[in-house]
Amino acid sequence: MKVLMFGWEFPPHISGGLGTACFGLTKALSKLGVDITFIVPKIKGEQKDSPVTLLGADNIVPMTKSEFEKQTEHLEEYIEIGSTLTPYLDFDEYKKTKKSTDGDNNDVTIEFSGNYGQNLMEEVVRYSLVGEKLGKEQSYDVIHCHDWMTFLAGHEAKKASGKPLVVHVHSTEFDRSGNNPNTEIFNLEKFGMEKADLVITVSKRMKDIIVDKYGIAAKKVTVIYNAVEKDDISELGKLREFKKSNNEKIVLFLGRITMQKGPEYFIEAARMVIEKIPNVRFVMAGAGDLAKKMIEKMASMDIIDRFHFTGFLGPNDRERLFSMSDLYIMPSVSEPFGITPLEAIKHNIPVIVSNQSGIAEILEDAIKIDFWNTDKLAQSIIDILSSPHQGHAIIENNKRTLEQIDWKYVAIHVREIYQNYL
Amino acid sequence: MKTAVCFYFQVHQPFRLRKDYDFFSIGKNHNFIDHTSNRQIMEKIAKNCYLPANKVLLEAIKKNPGKINISFSISGTALEQFELYTPEVLESFQELAQTGNVEFLAETWHHSLASVLSENEFVEQVKLHRDKIQKVFGQKPTTFRNTELIYNNRIATIAEQLGFTATLAEGVDKMLGWRSPNFIYTPKDTNIALLLKNYKLSDEIAFRFSNKFWREKPLTAAEYMTYLEKLSSRKVPYIGLFMDYETFGEHHRKEDGILSLLAELMNLLSKNDSMELATPKEVARTRRSMGELDIPEYTSWADRERDLSAWLGNSMQNSTAKLLYSMEKDIKTSKNEELIRDWRRLLTSDHNYYACTKYYGDGAVHNYFSPYNSPHDAFMIYANAINDVKIRLERTQNQTES
């Protein structure tokens, strides 16, 4: 079975959970014998033992100038769904710059940054040209797209090849923007889901959003939870040696410091806990656009001897911090799935997650709170830290849940979906 | 009486912290002082400024016997770093001291904000510094200058109690009102002399010397003499020219002629009919006070605000200061010399300055002086180091108890 997949990031170059999820899924699918060609805008870093054939849209699919212009015109016709896209796009301008830099008969190679920067929308449209080309020239059984950046490309590939299109929604604009969606992105998400034969999403809350806010028929949306890589679990034992020697407890927030992740609720709860119990430290690990504001907020509470920021952490320091921690908190305001609590569970740490996260649906034994309820969050932290029994029970139950969570099961489910179309 | 031109040069270097002193280091590695870059910076500034500028001044003093009288304030942390990294710089200052024409002022050993945050620590640091100056330069300071010219009535009163006969302050317009900075005053309820900085003429050298925004060509000694002569022709008793010593060769490049400017100014002033170079001690002894000056609010020489906001202006700066000074009593009770030393090195005001978030205008100056990427990075590292000292203190206390 051959699958053409469109994504925006893939290890080792990842900026968030999307790349990790794509890797876990494709690795498990390839073990089931699914042959995957995975397209990213630009290949960065070295690829070793990749489970997929990874192609960079930037140089693997070069186009001649005339072809490029034809496709640009073709896109201009149907981009009505994104008539609102115009602020980002200026095809004439783009063609002009191309003309001035390229000789008449030279091949034009489309350049991508592969980031989520200012030209993201322009790159998304250019990326879609690659979709048509691939759909036309090669034969696949299914087209599978990950998140809105790739939906236009998937649709182009489907139009060119007539093959079924699966779109995989790892997060929606409502999660990322805090109910203040960017219209262009919303339109692209909606367009992609409407044109798709099937929508996969990562939690029930996400399915509700897709049905309610995007108007997609419920029967077209399948929930498949993400999983976590477990290969390295055996190596965790020795990391425990980093565990601090005194009897202080460490409560951890680890993730991007953005509005979506609810960092201010963690700080609010920390202040209440610090007032009530001694020997507890709070650590906020990660970087993000709210980091400076959060640092200042914490400092204004005069808790700097109990609350620490680490900045962005590499993989080793991340592991190290997990191995030092006694409790993991994910107070996300809106979390489509949320993989980090599973990492915490792998490290034998009890977790508290917000009800506004997809992971809350499968972690039956985790403590769950509403992200805004900092009183309850603070009380739950105190309860777990002061009752080792309770913490231990949560760990044991969570680990049993974790055993059921495996990319293998995810891959089997996804393959079944593919097979329905064969 | 001639107009006294009073140069005071500030020499200070902090013990900067390691940029990689992260969360994981707290309580484990206590090496948060960045000795490598402190040494590199000291060696660089010694080569660009301290050694060549000292040479200029020493030659001028020898060429014009009795005519070149100048003053320095050298922070304790700078003296420590001379001893650690560049002993030849200390020797060249000692040579200047031996001429008898150079006055060394007293300040807080650690260039700290103790005058604002702990009177007890303030007095201790000033005494430590005064003793050190006497030991190193063979003269007991009689003039006090506080960190960054932080000043108010209370600080002047403490200076008097400590036996000083003169103290320095910024000539802040809003405090002076109609008064001129070119006179000697008496701080409220004291009998000591208050010498103010003429910031317009000081900044002409310290900031605007070769600044393209202000002037086409670098300032010349002849041009500067005309500014001074304009004042001396009005018979002002005194002109206070206070600036960082690093102005000469470090902040401004030798290539733009900053060291020649210093040499020529010394030469021209030593031969002038209406002006003479005088040290603060001499000015305080010979010039009459124009009356009492009441400055209840804190003033300083920093930024446009000329208040404490460069060091205690946001929550990051306030929280670190509060935590550090809350540990004072226990740190001292511990009698642990290493702990006291490390704690005091963290009291240096530069660490607070790096966490300043006043971005516009003056922010550029802050960025120039800060080794960190952002005020928030500086704060994180500073907070880690303070927490390391705090954890070590708690361990010492637990050991004593058990």
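On a predicted model such as this, the values are computed, not experimentally measured, just so you know. These values consider heavy atoms only, across backbone and side chains, with no hydrogens, waters or symmetry-generated copies. A, B, ... follow the sequence lines: proteins, then strands. Residue 1 opens every chain.
Here CG of N384(B) is found 9.5 Å from OG1 of T310(A). Values are rounded to the nearest 0.5 Å.
For a heavy-atom cut-off of 4.5 Å, chain B lies close to R281(A), V283(A) in residues 274-286 of chain A.
Comparing N387(B), I26(B), D377(B) by how many heavy-atom pairs each has under 4.5 Å with chain A, the most go to N387(B).
For the pair E296(A) and N314(B), the minimum side-chain heavy-atom distance is 4.5 Å or more. The closest side-chain heavy-atom distance from K322(B) to I304(A) is not below 4.5 Å. Counting heavy atoms from C-beta on, the side chains of H376(B) and F309(A) never come closer than 4.5 Å.
Contacts between I303(A) and chain B at a heavy-atom distance below 4.5 Å are absent for every atom of the residue. Proximity to chain B is limited to the side chain of M298(A), based on heavy atoms less than 4.5 angstrom apart. Heavy atoms closer than 4.5 Å to chain A are found nowhere in I386(B), neither backbone nor side chain. At a 4.5 Å heavy-atom cutoff, the contact between M316(B) and chain A is made by backbone and side-chain atoms alike.
The number of heavy-atom neighbours closer than 6.0 Å to NE2 of H35(B), taken from other residues, nucleotides and ligands shown, is above 12. Heavy atoms of other residues, nucleotides or ligands lying less than 6.0 angstrom from CD of E43(B) number more than 12. Within 6.0 Å of the NZ atom in K293(A), the count of heavy atoms belonging to other residues, nucleotides or ligands does not exceed 12.
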Given the rule in the side-chain contact (heavy atoms from CB on, under 4.5 Å) test, do D317(A) and F23(B) qualify, once you have shown the distances and angles that lead to the verdict?
CA-CA 10 Å; D317(A) 281 339; F23(B) 165 73; over 6 Å; no

